[in-house]
Amino acid sequence: MGVNGYGTIGKRVADAVAAQSDMTLVGVTKASPDYGVEAAARRGYDLYAAVEDRAGEFAAAGVDLTGTLGDLLDAVDVVVDCAPSGVGERNAPVYEAHDTPAIFQGGEDAAVAETSFNARGRFEAARGADAVRVVSCNTTALSRLLAPLDETYGVEKARVTLVRRGGDPSETNRGPINDIVPDPATVPSHHGPDVNEILPDVAVDTAALKAPVTGMHTHSVNVTLETDPDPAAVRDLLADEDRIFLVPEAAGIDGAGALKEYAADAGRPRGDLWENCVWEESISLTGRDLYLFQNVHQEADVVPENVDAIRAMTTDVDAAESAARTNETLGVGLESRLGDDGPARAELTADD
Ligand SMILES: NC(=O)C1=CN([C@@H]2O[C@H](COP(=O)(O)OP(=O)(O)OC[C@H]3O[C@@H](n4cnc5c(N)ncnc54)[C@H](OP(=O)(O)O)[C@@H]3O)[C@@H](O)[C@H]2O)C=CC1
Ligand SMILES: O=C(OP(=O)(O)O)[C@H](O)COP(=O)(O)O
C-alpha cells in the first residue's frame, strides 16, 4: 500500500502499516522537501512526489525521489490519502484514473467515499470497497464508546460536549491562543451526524468548542441508556474494549499532559495514545443517565482504524481478527497496573 501525504497522520499510518506482517508499505509522498523527508529516509521508506509539478523542489534540495504519485498508485493495491482536509477530495479522481482503491480521512466529506469506517462500529461495509473514509478522531472515539453501550444497554440519547484542541503541537499557525470558543457556534456540531455515518440508529447530539491547547481533545459525555446498569457493569464493559484505556484514579493522571507523559513512559512511539482515555472515576450513573469524561489523542486514535480499513478493503479477514492483529502488532490496549485489571508489578516486562 502507499501513503499519499506523509504528515501528522500519514507518517503514523505508514509506521503502523510497516509493522503489519500481512502488509507492505511501498512508499509515501510529500508535497515539499521539508524535515519530514528525513523521517521517511530514516525508516527506509521510498519517497514520491505528491504533486508532480513540484518534483523539482526535491531535486533542488538534494532529495532523491523514487517517482511521482502516479508511479506509486501503479505500484500499490490501496492508497491511504492523508492529505490536508479537503485535498483528498481533489485527489480522488487521480485514484480513480489509476484504478487504485483509496482510504480517505475524516477531514473529507462523507460523500468522498462509498462508506465511512470505524473498526468497532462499521467494518463490513468497507469489504471490497473502492473508496472508504476513516472518520475523524472525535468521531472515532465516540463510535468506539457508543457501539458497546448501544449493543449492551441500548442508547436512548447521547449528548456530548467536545472541547477540542486548537491545533496539533506542530501547527504553530492555529489557535485560539487566549480564548475558548464555540466552534462551530451552531448546535449540534457536525460530529453527531458523523457518528451516524457509523452508527445510524444511535441518537446523538454534539456541541463543540476549541481551546488553546494542542495535546488532546476532551469529551464530556452523557448517555441516556434504555436500561439502568450499575457503574461497575459499565466500567467492566468498557474495560473489555481494547481501544478504550480506563485511566485509574490511583494513577493520578489528571489531564492530557500526564496522559502523554504516561504514554511516553510506556514507550509509545511519539507518545501516541491509540486508545480512548476514559477517566475511570468519572463513570457514573444517575438512573439511566451515564456520565463520563474521555480524552482523545487526535494525532493517533485513527491510526489503527486505517490499518483495519486496509484489511476490510483488501482481504476477507473479519473485524475481530483484524483488530486483534492490529492491536497485537502496535501494542494497542494500555492497562495501568494501578487499575483493577492492570498487570501486577511482577508481571510487568520491559515492553509494558
Ligand atoms: N491532525 C489531526 O489531528 C487529525 C487529522 N485528521 C485528518 O487527516 C488528514 C490529514 O491531516 P494531517 O495529517 O493533520 O495533515 P498534515 O498537514 O499534517 O499533513 C498533510 C500531508 O499531506 C501532504 N500534502 C500536501 N498537499 C498534498 C496533495 N495535494 N496531495 C497529497 N499530499 C499532500 C503534506 O505534504 P508537505 O508536508 O510536504 O506539505 C503533508 O505531508 C486530514 O483529512 C485531517 O482532517 C484526522 C484525525 C486527526
Ligand atoms: O478534530 C478533528 O476533527 P473533528 O473535530 O472534525 O472531529 C481532527 O482532529 C482534525 O481537526 P482539525 O481539522 O482541527 O485539524
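Ligands are counted one by one from 1 in listed order, and the atoms in each one are counted from 1 as well. Just the heavy atoms: all of them, side chains too, but no hydrogens, waters or symmetry mates, feed the values below.
Distance from atom 24 (N) of ligand 1 to its nearest protein heavy atom, with residue and atom name: P84 CD, 3.6 Å. In terms of protein heavy-atom proximity, atom 23 (C) of ligand 1 is closest to G5 CA, 3.7 Å. Shortest contact from atom 10 (C) of ligand 2 to any protein heavy atom: R165 NH2, 4.0 Å. Residue, atom and distance of the protein heavy atom nearest to atom 37 (O) of ligand 1 are K30 NZ, 2.8 Å. The protein atom (non-hydrogen) at minimum distance from atom 39 (O) of ligand 1 is S32 OG, 3.6 Å. With respect to atom 5 (O) of ligand 2, the closest heavy atom belonging to the protein is R164 NH2, 2.6 Å. Atom 42 (C) of ligand 1 has its closest protein heavy atom at A83 O, 3.5 Å. Protein heavy atom nearest atom 12 (P) of ligand 2, with residue, atom name and distance: R174 NH2, 3.5 Å. Nearest to atom 14 (O) of ligand 1 among the protein's heavy atoms is T8 CB, 3.7 Å. Among protein heavy atoms, atom 19 (O) of ligand 1 sits closest to G7 CA, 3.4 Å. At the top of the distance list for atom 48 (C) of ligand 1, counting protein heavy atoms only, stands Q298 O, 3.0 Å.
Between H190 and ligand 2, a contact under 3.5 Å exists for at least one N or O pair. Annotation: S136 places an N or O atom under 3.5 Å from an N or O atom of ligand 2; distance criterion only.
Within ligand 1, counting atoms from 1 as listed, the ones closer than 4.0 Å to a heavy atom of Y6 are 41 (O). Close contacts between ligand 2 and N138 involve ligand atoms 1 (O), 2 (C), 4 (P), 5 (O), 7 (O) [criterion: under 4.0 Å to a heavy atom]. Residue-ligand proximity, G107 to ligand 1, at heavy-atom distances under 4.0 Å covers atoms 43 (O), 45 (O). Heavy-atom contacts of K210 reach the following atoms of ligand 2: 14 (O) (cutoff under 4.0 Å). Below 4.0 Å from some heavy atom of V87 lie the following atoms of ligand 1, by number and element: 28 (C), 29 (N). With ligand atoms numbered from 1 in the order given, ligand 2 contributes 1 (O), 2 (C), 8 (C), 9 (O) to contacts under 4.0 Å with heavy atoms of C137. Shown in contact with A31 at under 4.0 Å from a heavy atom are these atoms of ligand 1, numbered in order with element: 25 (C), 26 (N), 35 (O), 36 (P), 38 (O), 39 (O). Numbered from 1 in the order shown, with element, the atoms of ligand 1 that lie under 4.0 Å from a heavy atom of A50 read 30 (N), 31 (C), 32 (N). Here is the list of ligand 1 atoms found below 4.0 Å of a heavy atom in Q105: 7 (C), 8 (O), 9 (C), 43 (O).
Between R122 and T115, the side chains place a donor N or O and an acceptor N or O closer than 3.5 Å (distance only, hydrogens not considered).
Under the 4.0 Å distance rule, the nearest protein heavy atom to atom 5 (C) of ligand 1 falls inside the cut-off.
The closest approach between C82 and ligand 1 falls below 4.0 Å for a heavy atom of the residue. The closest approach between a heavy atom of E299 and any atom of ligand 2 is not below 4.0 Å. Contact analysis puts R165 in contact with ligand 1, with a non-hydrogen atom separation below 4.0 angstrom. In this structure, S85 counts as a contact residue of ligand 1, since one of its heavy atoms falls inside 4.0 Å of the ligand.
For atom 1 (O) of ligand 2, the nearest non-hydrogen atom from the set H217, Q298, H297 belongs to H217. Around atom 30 (N) of ligand 1, the closest heavy atom drawn from N91, N138, V51 belongs to N91.
Only the side chain of H191 comes within 4.0 Å of ligand 2, counting heavy atoms alone; its backbone N, CA, C and O stay farther away.
Using cut-offs of 30° and 60° on the angle between ring planes, the pair Y6 and Y45 is perpendicular.
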Dump the intermediate steps for side chain to side chain contact (heavy atoms under 4.5 Å, CB included) on E280 and E249, then the final yes or no. CA-CA 7 Å; E280 189 171 5; E249 183 173 5; 6.0 Å; no
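Under 4.0 Å is where a charged nitrogen must lie from a carboxylate oxygen, and between D308 and R311 at least one such pair does.
Side-chain atoms of Y153 and V234, non-hydrogen and from C-beta on, do get closer than 4.5 Å to each other.
Shown here is E328, whose CD atom has no more than 12 heavy atoms of other residues, nucleotides or ligands within 6.0 Å.
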